[in-house]
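Chain letters run A, B, ... following the sequence lines, proteins first and then strands; every chain starts at 1.
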Number of protein chains: 2
Amino acid sequence: MESRIDRIKKHLHSSSYKLTPQREATVRVLLENEEDHLSAEDVYLLVKDKSPEIGLATVYRTLELLTELKIVDKINFGDGVSRYDLRQEGAAHFHHHLVCIECGAVDEIQDDLLEDVEAIVERDWNFIIKDHRLTFHGICHRCHDKTKEETAK
Amino acid sequence: MESRIDRIKKHLHSSSYKLTPQREATVRVLLENEEDHLSAEDVYLLVKDKSPEIGLATVYRTLELLTELKIVDKINFGDGVSRYDLRQEGAAHFHHHLVCIECGAVDEIQDDLLEDVEAIVERDWNFIIKDHRLTFHGICHRCHDKTKEETAK
DNA sequence: GATTCAAAATAAAATAATTATCATTAAGTG
DNA sequence: CACTTAATGATAATTATTTTATTTTGAATC
């Protein structure tokens, strides 16, 4: 964890940004909640627990900066808020998401899966892919299993 | 075009909604600008040209209704606005998009391309896919060609 | 054709998310 | 240490969207 923060620090420095205490607190919250898909407001409330003097605007600015540096990815699942997701270290592309339309859970798929598709798109559409967003909407295994149990009764 | 409106009309009726003049005007704007990815505001302004008395809230409600009936798909490319895209008639899934990070153009891919990926996700994650969103961010063929010409000089 | 009734539309206000402004503070740098 | 710049915090402003209260519309019935 510390080493990861160190690397983020270096990443910031290499673009001549500083890892201020506020930025570090924000990054720590993201690291501690890596599984979740936090909104700016969510991050703000969590950071506030440890650093109560921080302002919401600073959180927004930090998240924007981290997005710009591709340390986090900004994503939108169709509800009105942007969510922020730490990118896996060394990952060239953004990972995929499974959004459950029953319970709202968001699971992540780290596997690439798109190599073949991207090759086709680059060749047939002459489009140079820099990044992607892939989200499946459907019923997650938990809700699915639950339905099966209900039916079995 | 008229027949397509007729089918949308029937679709609405089958869910006991009516195709009111305002809704028809909105649908016509969507049909006439099928290539584009209009925001609610865009749609509103275009509808207003022909039916100046329409209200923005009505446009929002209509777009929401059409989304619910899967006549249009609501999509978000990361700028702050939702965009609305007519679904191809008979299409089971939403088509894909190529967003150019140079010029901002949005091109569509109607081919499915995801059959294999979806099979893997359904099998390995036990997730029942109902819909998807796939967007590639990169450099479109137009910007790409332009760069090549520049270099050739 | 008049009447009734529910759905839909309008206008305006409210809400929610995000961004901009600006005075203040902190962090380097000469 | 003075000076310049960057970053922050509080708040105001903006933008997108939704809600509310009220009016209008149009089909169904008398």
Side-chain angles (χ1 to χ4, degrees), chain A residues 8-29 37-69 71-85, chain B residues 8-29 37-69 71-85:
Chain A
I8 290 172
K9 189 173 185 173
K10 289 202 184 88
H11 193 154
L12 284 173
H13 285 163
S14 74
S15 307
S16 53
Y17 292 111
K18 295 173 253 186
L19 186 65
T20 64
Q22 291 87 342
R23 286 178 183 164
E24 182 172 335
T26 304
V27 168
R28 280 185 190 278
V29 162
H37 298 81
L38 302 174
S39 67
E41 187 80 28
D42 295 337
V43 174
Y44 171 63
L45 293 173
L46 288 166
V47 174
K48 229 167 145 46
D49 283 346
K50 300 196 175 166
S51 315
E53 68 302 339
I54 201 169
L56 177 57
T58 302
V59 172
Y60 269 102
R61 276 185 294 240
T62 301
L63 291 172
E64 193 192 327
L65 176 63
L66 295 173
T67 303
E68 199 179 295
L69 297 179
I71 294 166
V72 308
D73 283 297
K74 187 176 179 178
I75 191 168
N76 194 301
F77 292 127
D79 53 348
V81 290
S82 294
R83 297 176 180 282
Y84 298 85
D85 216 352
Chain B
I8 289 172
K9 189 174 186 173
K10 288 200 183 91
H11 193 156
L12 283 173
H13 285 163
S14 75
S15 306
S16 53
Y17 292 109
K18 295 175 251 184
L19 185 66
T20 63
Q22 291 87 342
R23 287 177 183 165
E24 182 172 336
T26 304
V27 169
R28 279 184 190 279
V29 162
H37 298 81
L38 303 174
S39 67
E41 187 81 28
D42 295 336
V43 174
Y44 171 63
L45 293 173
L46 288 167
V47 174
K48 229 170 148 45
D49 283 346
K50 298 193 175 167
S51 316
E53 70 301 336
I54 200 168
L56 177 57
T58 301
V59 172
Y60 269 103
R61 274 187 296 247
T62 301
L63 291 172
E64 194 191 325
L65 175 64
L66 294 173
T67 303
E68 196 181 298
L69 296 180
I71 293 166
V72 307
D73 283 297
K74 187 175 177 179
I75 191 169
N76 195 299
F77 292 126
D79 53 349
V81 289
S82 295
R83 297 177 180 282
Y84 298 86
D85 216 353

Student check: side-chain heavy atoms of B:Ile75 and B:Ser82 closer than 4.5 Å: no
Short side-chain N/O contact to D:dT25 OP1/OP2 from B:Thr20, under 4.0 Å: no
Among B:Thr58, B:Thr20, B:Val47, B:Leu46, side chain to side chain contact (heavy atoms under 4.5 Å, CB included) partner for B:Thr26: B:Val47
Whole angstrom value for the distance that separates P of D:dT17 from CG of B:Asp42: 10 Å
Non-hydrogen side-chain atoms of B:Tyr84 and B:Leu38 separated by less than 4.5 Å: no
Per B:Ala40 side chain, nearest of listed nucleotides C:dA27, C:dA8, D:dT17: D:dT17
Nearest-Å distance for atom pair CG/C1', residues A:Leu12 and D:dA7: 13 Å
Nearest-angstrom distance from the residue atom CD of A:Glu53 to C1' of D:dT8: 10 Å
Distance in angstrom units between A:Gln22 CD and D:dA10 P, rounded: 11 Å
Nearest-neighbour nucleotide for the B:Leu56 side chain, D:dA10, D:dT17, D:dA6 considered: D:dT17
Among C:dG28, C:dA17, D:dG9, the one nearest A:Val81 by side-chain distance: C:dA17
Short side-chain N/O contact from B:Ser82 to OP1 or OP2 of D:dT17, under 4.0 Å: yes
Protein-nucleotide distance (A:Ile54, atom CD1; D:dG9, atom P), rounded to Å: 5 Å
Whole-Å gap separating C1' (C:dA9) and CD (B:Glu24): 16 Å
N or O in side chain of B:Tyr60 less than 4.0 angstrom from D:dT18 OP1/OP2: no
Distance below 4.0 Å between A:Thr58 side-chain N/O and D:dG9 OP1 or OP2: yes
Whole-Å distance separating the CG atom of A:Leu19 from the P atom of D:dA6: 18 Å
Integer-rounded Å distance: D:dA7 C1' and A:Tyr17 OH: 12 Å
Option passing side chain to side chain contact (heavy atoms under 4.5 Å, CB included) with B:Tyr17 (candidates B:Lys9, B:Arg23, B:His11): B:Arg23
Sugar-phosphate, base or nothing in reach of B:Arg23, heavy atoms under 4.0 Å: sugar-phosphate
Test item: A:Val27 and A:Ile71 side chains (from C-beta on) under 4.5 Å apart, heavy atoms: no
